[in-house]
Asker: 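Please see the structure below; I have some questions.
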Number of protein chains: 2
Amino acid sequence: MKEAKERGHGIKEENVYAETLKHIHRMMAEDNLAPGDKLPSERELAERLGVGRSSVREALRALEFLGLIETRRGEGRYRREVGSHQLIDLLAMFLLENERAKADLAETKRLIERLLLELACRRRSAEDVNELKKIVRQKPIDFARFFETVVEAAGNVLLARIWRVLSGFAASFAPEPPLADAGYEQLLAALERQDPAEAAAVWEANGLRRCRNGPDIV
Amino acid sequence: MKEAKERGHGIKEENVYAETLKHIHRMMAEDNLAPGDKLPSERELAERLGVGRSSVREALRALEFLGLIETRRGEGRYRREVGSHQLIDLLAMFLLENERAKADLAETKRLIERLLLELACRRRSAEDVNELKKIVRQKPIDFARFFETVVEAAGNVLLARIWRVLSGFAASFAPEPPLADAGYEQLLAALERQDPAEAAAVWEANGLRRCRNGPDIV
DNA sequence: ACCATTAGGTGGTCAGACCAGTGAAGGAAG
DNA sequence: CTTCCTTCACTGGTCTGACCACCTAATGGT
């Protein structure tokens, strides 16, 4: 009675939804899908992968959650620029109820930013420095663009993604108070001299007051 | 021709799936659902909320994605301990298909471990130090237990969770080369003296060689 | 009292149907 | 010819009903 199973294939035996998710993701990579490109329709994917439309829908919904694709009703689904994370809004909503989580989040974000700065110091190219100089020269300083460049220069995709997720969370309930201009000058100098310790020191010095005390002068 | 719509209710007009998601989440809060408690079944929720089962499924899948509930086939869905960030799991899954990502993963893990060590230096209690002394004294040194204690002492739940995820994935394809015993002695000394800089220095000296030099794998 | 069987509930999946937007093809009016 | 509008095919959104595989607990025979 009990040996009835074993549907022929010995291995996989995972949720169709999870399989489909991986499959579609792999397909996106293999087809070299650029941001803005259109994905096949739900029905076509279902037929091509030999699964039901509902399973395809759940997989696509997950990809949308991860911010990898964008859905336009009546049109289709499109590959999205990485970095715009839809899931952030939802997650933030849930996290709002936990004070401790908020504190941990703020601290973690801050620490990972320090790591990214240190990495950027070691790996930044000459172009990175020029780009940053341009950004700092142009007042008011665009904090987001400054740090995006730093993250790019750090050259660690995983750490960058974690940062973007945390950053999105934090932004949704704790607006970012910008550093003083002098802070950027110092960071830039450290980056140019490839001095990770100096960058970390500047970051700590500029961050502690707002982390500890809360509201402070801009 | 164009004024045909307006299904009676003037406002909402959002995806049923999104509405259902919020609805179920609110319901969980109002019913004071404790971790481990069972949620109503898909079919019951569908009937109670007046929507289709597929919409309920998409909403529940999202909650699962967020780590708020757990699904047990054949049994039901249960409220889960908050704080389990499922999304990072998924993120890692995707990154694992890429060689470059593996190098980034190893580096990120290493860096986050440094952060945890630094935090632990600042926040460790006397008991933490005693615990660590016991672990170090007992050869061969149990690396996992040593670091678990450090992570605990660091007192940042979010960072700890990220580390556990990274650690788990890293272990699955890159066995951990343990530190020399002398390394643990030095780390312990730094922790006892609450000297983050020293701890970080020891960590870098013992580990970063493999991350820095390799030209981003092949 | 024990254990195998059974029945009902639950999530997992699929297929088909219909709705509601979108955009392009195609025809009528200018 | 151009312009405008209708039409139609296609897409995502949703609902329904039907199975399946799985788990639990009640059942019933030994």
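Given the structure is predicted, the values throughout are model-derived calculations rather than measurements. Chain A is the first sequence line, chain B the second, and so forth, proteins listed ahead of strands; every chain is numbered from 1.
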Asker: State which of D/dT11, D/dC15, D/dC23 makes the closest approach to the side chain of B/Val16.
Answerer: D/dC15
Asker: Take atom CG of B/Leu45 and atom P of D/dC15, then tell me their distance rounded to the nearest Å.
Answerer: 13 Å
Asker: Considering only side-chain heavy atoms of A/Arg57, which listed nucleotide, D/dG13, D/dT11, C/dT13, is closest?
Answerer: D/dG13
Asker: Do any N or O atoms from the side chain of A/Trp203 and from the backbone of A/Leu187 form a donor-acceptor pair under 3.5 angstrom?
Answerer: no
Asker: Closest approach to the side chain of B/Val51, judged atom by atom: which nucleotide of D/dT14, D/dC15, C/dT10 is it?
Answerer: D/dC15
Asker: If you check the B/Tyr17 side chain, which of D/dT14, D/dG13, D/dT24 turns out closest?
Answerer: D/dT14
Asker: Applying a 4.0 Å non-hydrogen cut-off, can you work out what A/Ser55 is touching in the nucleic acid: base, sugar-phosphate, or nothing?
Answerer: sugar-phosphate
Asker: Considering every strand and a 4.0 Å limit on heavy-atom distances, what is the contact class for A/Gly74: base, sugar-phosphate, or nothing?
Answerer: base
Asker: Send over the distance from A/Leu21 CG to C/dG12 P, rounded to a whole Å.
Answerer: 15 Å
Asker: Got a list of side-chain donor-acceptor pairs under 3.5 Å for residues 50-58 of chain B, not counting sequence neighbours?
Answerer:
residue, atom, partner, partner atom, Å
B/Arg53, NE, B/Glu42, OE1, 2.7
B/Arg53, NH2, B/Glu42, OE1, 2.8
B/Arg57, NE, A/Glu58, OE2, 3.1
B/Arg57, NH1, B/Glu42, OE2, 2.7
B/Arg57, NH2, A/Glu58, OE2, 3.2
B/Glu58, OE1, A/Arg61, NE, 2.8
B/Glu58, OE1, A/Arg61, NH2, 2.2
B/Glu58, OE2, A/Arg57, NE, 3.0
B/Glu58, OE2, A/Arg57, NH2, 3.1

Asker: With A/Asp104, which residues qualify under side-chain contact (heavy atoms from CB on, under 4.5 Å), at least two apart?
Answerer: A/Arg100, B/Asn156, B/Val157, B/Leu158
Asker: Could you list all N or O pairs between the protein and nucleotides 17-19 of chain D that sit under 3.5 Å apart?
Answerer:
residue, atom, partner, partner atom, Å
D/dA18, N6, B/Arg53, NH1, 3.1

Asker: May I have the distance from A/Glu42 (atom CD) to C/dG16 (atom P), rounded to whole angstrom?
Answerer: 16 Å
Asker: Taking atom P of C/dG12 as reference, at what distance in whole Å does atom CZ of B/Arg73 sit?
Answerer: 7 Å
Asker: Could you tell me whether A/Arg122 and A/Glu118 make a salt bridge, using a distance below 4.0 angstrom between a side-chain N and a carboxylate O?
Answerer: no
Asker: Any side-chain to backbone donor/acceptor pair from B/Arg124 onto B/Leu191? Under 3.5 Å, distance only.
Answerer: yes
Asker: Taking any heavy-atom pair under 4.0 Å as a contact, classify B/Thr71: base, sugar-phosphate, or nothing.
Answerer: sugar-phosphate
Asker: Please answer whether the main-chain N or O of B/Ala154 pairs with a side-chain N or O of B/Arg123 as donor and acceptor at a distance below 3.5 Å.
Answerer: yes
